[in-house]
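Worksheet: one structure, shown below.
Residue numbers begin at 1 in each chain, while the letters A, B, ... track the order of the sequences.
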Amino acid sequence: MPISRVFEGSVDYIQILDRYGTADINYDPNFSEEMLKRMYIFMVLARRWDKKNIALQRTGRMYTYAPLEGQEAIQVGATLALEKEDWAYPSYRESMIYHMRGIPLSLVDLCWKGIEEGLKIDPKWKCFPYVIPIGTQLPQAVGAGYALQKRGKKGAVLVFGGDGSTSEGEFHDAMNFAGVLNTPTVFLISNNQYAISVPRKWQTKSKTLAQKALAYGFHGVQIDGNDIFAVYTTVKQALKKAREGGGPTLIEAVTYRIGAHTTADDPGKYRPKEEEEYWRERDPITRLQIYMKNKGYWDSRFEEIVNTRCDKRIEEALKEAEAFKQDPKEIFKHVYADITEDLEEQMKECFEEGSQ
Amino acid sequence: MKMTMAQAINKCLFQEMERDESIVLIGEDVGVDGGVFRVTEGLYDKFGRERVIDSPLSESGIVGTAIGMATHGLRPVAEIQFSGFFYNAFHHIEQQASRLRNRTRGMFTVPMVVRLPYGGAINALEHHGESMESVFIHIPGIKVVCPSSPHDAKGLLASSLTDKDTVLFFEPKRLYRAFREEVPEERYDIPLGKANVIENGSDVTLISWGAMTYVSREAVEEAKQQGISVEHIDLRTLSPCDWNSIHRSIAKTGRAVIVHEAKKTMGFAAEIAARIAEKDLMHLEAPIKRVTGWDIIIPYPPLEKHYFPEKKRIARAIVETAKF
Ligand SMILES: Cc1ncc(C[n+]2csc(CCOP(=O)(O)OP(=O)(O)O)c2C)c(N)n1
């Protein structure tokens, strides 16, 4: 028959640390005690900060907030896998990345308090300000990677998106450009099963999101996003490959958004409670805790210290954020490099004659 | 029955979908969730996934697909969750929906409605507060409608759903639940392209639409207490605009204040002012005044109050214009 197979592809799924806290004997990275503790502490910090924010939002001390509970392993594991010269392009649900890269937590708080100065991020942290319009960061991260390479920099770019973002044209533009230009880009898609209310199965008919990479000519892999070992190892490898000129990788991290989409959303309207139970049994923090306990690195005293320290850091940051005084005139001053005469006049009209 | 704007639009969609089987809703979270503003609540349960489609997250996909549906006998109502996320779909509106009738000299048309929750003052994040109506008014071939009350929303949407052209239906988010008013249960049409004089007056003409009509009403009241008689025109449809009603009013008052939430430069007030200057110069007793947002990026909630026109600024403009 005049038919021959011209393409074949497959996608692997990777899990190292299972939900009972047991690591695969052959693939256990055997992280040092220090590394394990860093993973643990940052995940706990993320979770406690998240809970605090939800409480703050309820009492009107914060505007709309996008909860991250259940997705801690992805942001913490991936950020620890970054080298100093790499860049991160987080999505709005990966707030902890900013802090882990060195940005004060108080600045991240400002963002969620609706204060523009929260995005006054020094480029030295190599962490791009998040965006709200879904998917726009993806091709931009590809361009950033191209520029790094062209300018002889060593770093790669790690860019985040949600399962929903893979439906926007930009996702496909980004994948295509990354493939064609062979950029040092790692796409990390947090498949948390829902885009607001829309389930993953209505987002795409593809069995996995990872397989989309195959269509663009590069490697795609699916991992357990609640397994910080799998996240760290996979991202680390992909970044290394990218830095060495091996081109892009797409990683689909399978996870679940335990909380609401944002504080303005009610998940009870579109998903069964049992789902949450199912995923709570696969919690990223609990399994690391068990693993560490078995190694003798975790006990209730350690837990107590971690919790207290995290809460202290959260409180201090919040205090600092709440003390921040915004200058309303700033809204006119950064539209252009130099304020125009017309805007000077509008600013005068706005504040001197007093619209408010 | 007393309804909020969200309820009035919901009721209209419900009735129209019962009346016309070709109406299909498509958008992000419009189905099971009932829409992030609860405007499409209950429609999924009643009409099913075939007619109420929770689409993948893609604005160009939503509007492009809707155009295809409209050219083949369906009447889609596409929802863009927030008008600030429309831009990916702009391509389809400008390059196809607005031109198909003209390109084919009427053989192909795109009778569909795109619903766009617009405007700010709802304490939401970046990109959730824009008023970009003039961008669309600039494009010939599509209609732009913007209701200012529950009653108008229901009647204007009903008309839009029988219109022969593509209608962009701008819904002022801040009015979804701001107030209730008496809205007839049964179907009624409010014709597109006709303005509504919501208050007759003789000293100053105030022109507004959408959320700003609501905000301006208080300012009109305040001006009244100072003895100024304001004729308040709510445009209802921005494109095509009811120029005659404007000219008629200016001939009477000789003074105009135009209010919009959008930025000043190239906002629709600029066009209105130009039309008045062209046709009514001899009637004018005072410079035409605009009360608008500033030419800046709309600030986040804590500072957004500095951006939006509000009662005080509008009232001052009325008084200044009346006393000029
Ligand atoms: C272009 C665009 N369209 C719509 C929205 C409104 N919106 C905000 S988040 C969201 C769902 C995103 O889902 P996903 O990409 O899976 O990320 P998740 O929120 O689950 O982390 C939508 C539709 C938006 N922000 N940008």
Item checked: Over 12 foreign heavy atoms within 6.0 Å of CZ, Arg177(B) -> yes

Check: Does any heavy atom of chain B fall under 4.5 Å from the side chain of Leu119(A), the backbone, both, or neither of them?
Finding: side chain

Check: Which pair of non-hydrogen atoms, one from Pro301(B) and one from Tyr63(A), has the smallest distance, and what is that distance?
Finding: CB-CE2, 3.4 Å

Notebook entry, point to check: Looking at Gln203(A), His334(A), His261(A), which makes the most heavy-atom pairs under 4.5 Å with chain B?
Noted result: Gln203(A)

Notebook entry, point to check: Does a side-chain heavy-atom distance below 4.5 Å link Phe351(A) with His306(B)?
Noted result: yes

Checklist line | Option in Glu170(A), Met347(A), Glu116(A), Gln326(A) with maximal non-hydrogen atom pairs under 4.5 Å from chain B | finding: Glu116(A)

Note to self: Quick check: closest heavy atoms across Ser58(B) and Glu168(A), and the distance to 0.1 Å?
What the structure shows: CA-OE1, 3.5 Å

Note to self: I need the Glu349(A) CD to Lys264(B) NZ distance, nearest 0.5 Å.
What the structure shows: 6.0 Å

Next item on the list: State whether the number of non-hydrogen atoms from other residues, nucleotides or ligands found under 6.0 Å of Asp327(A) atom CG is greater than 12.
Entry: yes

Note to self: Would you compute the distance between atom CD of Glu126(B) and atom OH of Tyr130(A) and round it to the nearest 0.5 angstrom?
What the structure shows: 7.0 Å

Check: So which of Gly164(A), Ser197(A), Ser165(A) has the largest heavy-atom pair count under 4.5 angstrom toward chain B?
Finding: Ser197(A)

Next item on the list: Please round to the nearest 0.5 Å and tell me the distance separating atom CG of Leu57(B) and atom CD1 of Ile134(A).
Entry: 5.5 Å

Notebook entry, point to check: How close do Tyr300(B) and Gly114(A) get, heavy atom to heavy atom, and via which atoms?
Noted result: CB-O, 3.2 Å

Item checked: Best-contacting candidate, Gly135(A), Ser167(A), Gly162(A), Ala264(A), against chain B by heavy atom pairs under 4.5 angstrom -> Ser167(A)

Checklist line | Exceeds 12 heavy-atom contacts within 6.0 angstrom, atom CD of Glu277(A) | finding: yes

Check: Taking side chain as C-beta onward, heavy atoms only, is Glu330(A) less than 4.5 Å from Leu303(B)?
Finding: no

Note to self: What I'd like to find out is whether the side chain of Pro302(B) reaches to under 4.5 Å of the side chain of Lys113(A), using heavy atoms alone.
What the structure shows: no

Notebook entry, point to check: Which value, rounded to the nearest 0.5 Å, describes the distance between Asp342(A) atom CG and Thr265(B) atom OG1?
Noted result: 6.0 Å

Item checked: Toward chain A: residues of residues 84-94 of chain B with heavy atoms under 4.5 Å -> Phe85(B), Asn88(B)

Next item on the list: For each of Leu125(B), Asp33(B), Ile53(B), tally heavy-atom pairs with chain A at distances under 4.5 Å, and name the one with the top tally.
Entry: Asp33(B)

Check: Would Asp295(B) and Val335(A) satisfy side-chain contact (heavy atoms from CB on, under 4.5 Å), going step by step from the backbone distance to the final call?
Finding: CA-CA 9 Å; Asp295(B) 290 324; Val335(A) 182; over 6 Å; no

Check: Of the backbone (N, CA, C, O) and the side chain (C-beta and beyond), which part of Glu304(B) lies under 4.5 Å from a heavy atom of chain A, both, or neither?
Finding: neither

Checklist line | Interatomic spacing from CG in Asp29(B) to NZ in Lys269(A) - rounded to 0.5 Å | finding: 11.0 Å

Notebook entry, point to check: Under 3.5 Å, side chain of Asp54(B) to main-chain N/O of Val198(A), donor-acceptor pair present?
Noted result: no

Margin query: Given heavy-atom pairs under 4.5 angstrom as the criterion, report whether the side chain, backbone, both or neither of Phe37(B) touches chain A.
Written below: neither

Notebook entry, point to check: Does any non-hydrogen side-chain atom of Asn123(B) lie less than 4.5 Å from one of Thr64(A)?
Noted result: no

Check: Does a sphere of radius 6.0 Å around CD in Glu341(A) hold more than 12 heavy atoms from other residues, nucleotides or ligands, not counting ones at 6.0 Å or beyond?
Finding: no

Item checked: Heavy atoms of other groups near Lys329(A) NZ, more than 12 under 6.0 Å -> no

Item checked: Neighbour count above 12 (heavy atom, 6.0 Å) for Arg217(B) CZ -> no

Check: Can you tell me how far CH2 of Trp202(A) sits from CZ of Arg49(B), rounded to the nearest 0.5 angstrom?
Finding: 4.5 Å

Checklist line | Close side-chain approach of Gln81(B) to Ile196(A), heavy-atom, < 4.5 Å | finding: yes

